[in-house]
Amino acid sequence: AYMYITQEADYAVRIIGCLAKDGGRRDARSISEETCVTLRFSLKILGKLSGAGLVRSYKGNRGGYELAHEPQDITLRDVLVAVEGPFAISRCQHEGGCSRGAHGGCGFQQVYNRISGSVEEQLQQANFEQLLESEAGV
């Protein structure tokens, strides 16, 4: 079995990518259709993204969703944290996660912390302007 980010996080990245590519306001149905995410799941994810301040939502018949920031100011890390919470490679890195009660002193924990930090740094460096450029083959 592989270790993946959750399907919800994967879809959230697609949804932000869709809004970043378009640059304007989109309704949930068109976002759902373009990203191949069910409308119900799209609405749930859009709710989390707007709660995290990455997306603005507008009510009414001219309503919809748009990015709350420029694509270059939204990173993969921002999106993953909005949907999944703080990133860690192992459960043992969190308070109460270690069944032996080792707080940062364990060799395994230290390696996991280093790896998590490195992955988080790379996620933070990947913004949606770059991602869209690389997708377009620029």
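- The two residues Asp73 and Asp78 make their nearest non-hydrogen contact at O-OD2, 3.8 Å.
- Taking OH of Tyr11 as the reference point, atom OG of Ser32 lies at 10.5 Å (rounded to 0.5 Å).
- Side-chain contact between Pro86 and Glu120 is absent, with no heavy-atom pair separated by less than 4.5 Å.
- Of all heavy-atom pairs between Arg14 and Thr35, the closest is NH1-O, 2.6 Å.
- Taking NZ from Lys48 and NZ from Lys44, the interatomic distance works out to 5.0 Å, rounded to the nearest 0.5 Å.
- When every heavy atom of Leu43 is checked against every heavy atom of Ala28, the shortest pair comes out as CD2-CB, 3.6 Å.
- At a threshold of 4.5 Å between side-chain heavy atoms, the hydrophobic network of Ile, Leu, Val, Met, Phe, Trp and Tyr places Val81 and Leu67 in two separate groups.
- The minimum heavy-atom distance linking Gly53 with His69 is given by the pair O-NE2, 3.0 Å.
- At a threshold of 4.5 Å between non-hydrogen side-chain atoms, the residues Ile16 and Val55 count as touching.
- Nearest heavy-atom pair across Ala82 and Leu49 is CB-CD2, 4.2 Å.
- Looking only at side-chain heavy atoms (C-beta outward), Val13 and Leu80 come within less than 4.5 Å of each other.
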**Report entry** Audit row: Ser42, Ile15, side chain to side chain contact (heavy atoms under 4.5 Å, CB included) steps and yes/no
**Finding:** CA-CA 8 Å; Ser42 292; Ile15 288 170; 4.2 Å; yes
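- For Glu84, the side chain to side chain contact (heavy atoms under 4.5 Å, CB included) partners two or more places apart in sequence, or in a different chain, are Ile5, Thr6, Ala9.
- Distance check, rounded to the nearest 0.5 Å: OH of Tyr112 to SG of Cys106 gives 8.0 Å.
- In this structure, Ser118 contributes its side chain and Arg114 its backbone to no donor-acceptor pair below 3.5 Å.
- One finds the CG atom of Leu54 at 5.5 Å from the CD1 atom of Ile74 (value rounded to the nearest 0.5 Å).
- Note: the hydrophobic cluster containing Leu39 also contains Ile45 (ILVMFWY, side chain heavy atoms under 4.5 Å, direct or indirect links).
- Put simply, Val83 and Val119 are part of the same group of oily side chains (I, L, V, M, F, W, Y) that touch within less than 4.5 Å, one to the next.
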For a quick test of your reading: what N or O donor-acceptor pairs under 3.5 Å do the side chains of residues 122-131 make, sequence neighbours left out?
{"unit_1": "Asn127", "atom_1": "OD1", "unit_2": "Glu129", "atom_2": "N", "d": "2.9"}
{"unit_1": "Asn127", "atom_1": "OD1", "unit_2": "Gln130", "atom_2": "N", "d": "3.0"}
{"unit_1": "Gln130", "atom_1": "OE1", "unit_2": "Asn127", "atom_2": "N", "d": "3.0"}

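- Note that CD of Glu33 and CZ of Arg26 are 9.0 Å apart. Values are rounded to the nearest 0.5 Å.
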